[in-house]
Amino acid sequence: MSIGILTSGGDCPGLNAVIRGAVMKGDKIYEQEFAGIRDGWRGLIVDDVFSLPRRRVRGLSKEGGTILGTSRTHPYNGIDGVGGPDAIRAVMERHGMEGIIAIGGEGTLSGAARLAADGLPIVGVPKTIDNDLSGTDYTFGFDTAVSIATESIDRLRTTTEAHHRCMVVEVMGRHVGWIALHAGLASGAHAILIPEVSVTLEQITEWVLLTQARGRAPVVVVSEGFQLKNDKGELEDIAAERGLDAAGRPRLGGIGEALAPLIERSTGIETRAATLGHLQRGGVPTAYDRVLATRFGHAAIDAVMQRKWGQMVALSGIDIVTVPMAEATKELKTVPRKQWDEAAVLFG
Ligand code: F6P
């Protein structure tokens with residue numbers, strides 16, 4: 001009998017460290033065998049599974065990406081009409097899998113919670129660079145993303161200062177502003193714009209002009225999910241600046257590119273935009289993320305051996321605990337207004 005491991009959703013530095021942690025401890029302490037499932041739920045639906053011995057995970061904690069591959073296949077929507085608990089159970093039985101460790105973000109883990117409620121033996125491991133999963137203080141990948149964003153903003157600042165410009169830096173964060181808040185604070189940004197807080201163009205203009213008046217080159221950090229609103233809290237129509245996606249809708253990302261000309265017009269300061277995008281998810285994880293991911297891997301195999309199906313490993317203070325996956329995926333962990341207010345004291 002073996003334990004299957006899959007990684008699903010957007011990748012994240014530290015995924016390989018979780019896999020290594022689970023396999024190494026599982027092999028050494030529990031003499032457990034493992035199966036790698038390729039490309040998330042896809043591998044469990046189309047039967048793409050391979051043996052994952054301990055020697056295969058050696059040295060992996062510093063590797064970015066995931067040796068298992070990933071996809072956004074939904075376990076219930078499936079592929080070409082095949083999917084759902086029965087299809088997955090059939091593949092598990094064929095490979096003698098008695099449990100699954102599913103490593104993923106909110107989408108993956110809500111699917112995993114539903115499968116567990118339908119009787120499948122699954123333990124979850126939270127991952128996302130966005131740090132927006134409830135039930136855990138931090139997710140691995142976040143520290144790496146913040147470090148990359150901070151270094152990038154530091155670098156952008158020197159060219160911005162040399163040209164007496166304003167720079168708008170767009171970081172990831174589709175629904176929440178954790179990366180923007182932390183990278184913005186770490187790099188001394190003059191404004192941090194996040195999806196959780198309404199800010200008008202007038203307010204941004206004031207911060208940018210105040211910064212310039214002090215002889216500094218303004219740096220504005222914005223989450224990709226930020227939406228510009230007017231003072232009544234209504235959405236500003238900036239679709240034209242933002243550009244359209246392949247389906248003809250205003251792009252979600254692209255807020256940095258859209259804001260730059262608006263700020264240039266309202267302040268008279270030459271303004272450029274830089275979008276960090278997938279750079280924030282690439283390359284080696286930081287030491288912090290390697291440690292957290294390894295601890296999550298250890299805790300995941302412990303949870304499997306204790307048959308804690310439907311539970312997710314999580315960080316609580318300095319301890320690794322387990323929490324119900326269904327609870328953790330009920331709502332996203334957003335930035336509390338108080339934390340943004342504390343940062344905003346330094347804007348302008
Ligand atoms: O959920 C993590 C995340 O990095 C988001 O911040 C971002 O919107 C999204 O993934 C990008 O996903 P993709 O790699 O599919 O473009």
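Whatever order the structure lists them in is the order used to number ligands and atoms, beginning at 1. Only heavy atoms go into these numbers, but all of them, side chains included; no hydrogens, no water, no symmetry mates.
L193 and V220 get closest at one heavy-atom pair: CD1-CG1, 3.7 Å.
The distance from ligand 1 to the heavy atoms of G173 drops below 4.0 Å at these ligand atoms: 6 (O). Those atoms of ligand 1 with a heavy atom of I129 less than 4.0 angstrom away are 4 (O). Those atoms of ligand 1 with a heavy atom of R174 less than 4.0 angstrom away are 1 (O), 6 (O), 8 (O), 9 (C), 10 (O). Atom numbering of ligand 1 starts at 1 in the shown order; those under 4.0 Å from a heavy atom of M172 are 4 (O), 6 (O). Shown in contact with R72 at under 4.0 Å from a heavy atom are these atoms of ligand 1, numbered in order with element: 10 (O), 12 (O), 13 (P), 14 (O), 15 (O).
No side-chain heavy atom of F140 sits under 4.5 Å from any side-chain heavy atom of R295.
The only option from D132, L133, I194, T128 that meets the side chain to side chain contact (heavy atoms under 4.5 Å, CB included) definition with V176 turns out to be D132.
Between D130 and R174 there is no salt bridge, since no side-chain nitrogen of the basic residue lies less than 4.0 Å from a carboxylate oxygen of the acidic one. Checked for salt-bridge contact, D302 and K25 meet the test: a charged N lies under 4.0 Å from a carboxylate O.
Residue contacts with ligand 1: T128 is placed with no nitrogen or oxygen under 3.5 Å of a nitrogen or oxygen of the ligand (distance criterion only).
Residue contacts with ligand 1 do not include G105, since none of its heavy atoms lies under 4.0 Å from the ligand.
Contact annotation for E224 and ligand 1: only side-chain heavy atoms (C-beta onward) come within less than 4.0 Å of the ligand.
Residue pairs satisfying the salt bridge (Lys or Arg N to Asp or Glu O under 4.0 Å) criterion with at least one member in residues 88-102, sequence neighbours excluded, are listed as follows: D47-R94, D86-R89, E98-R307.
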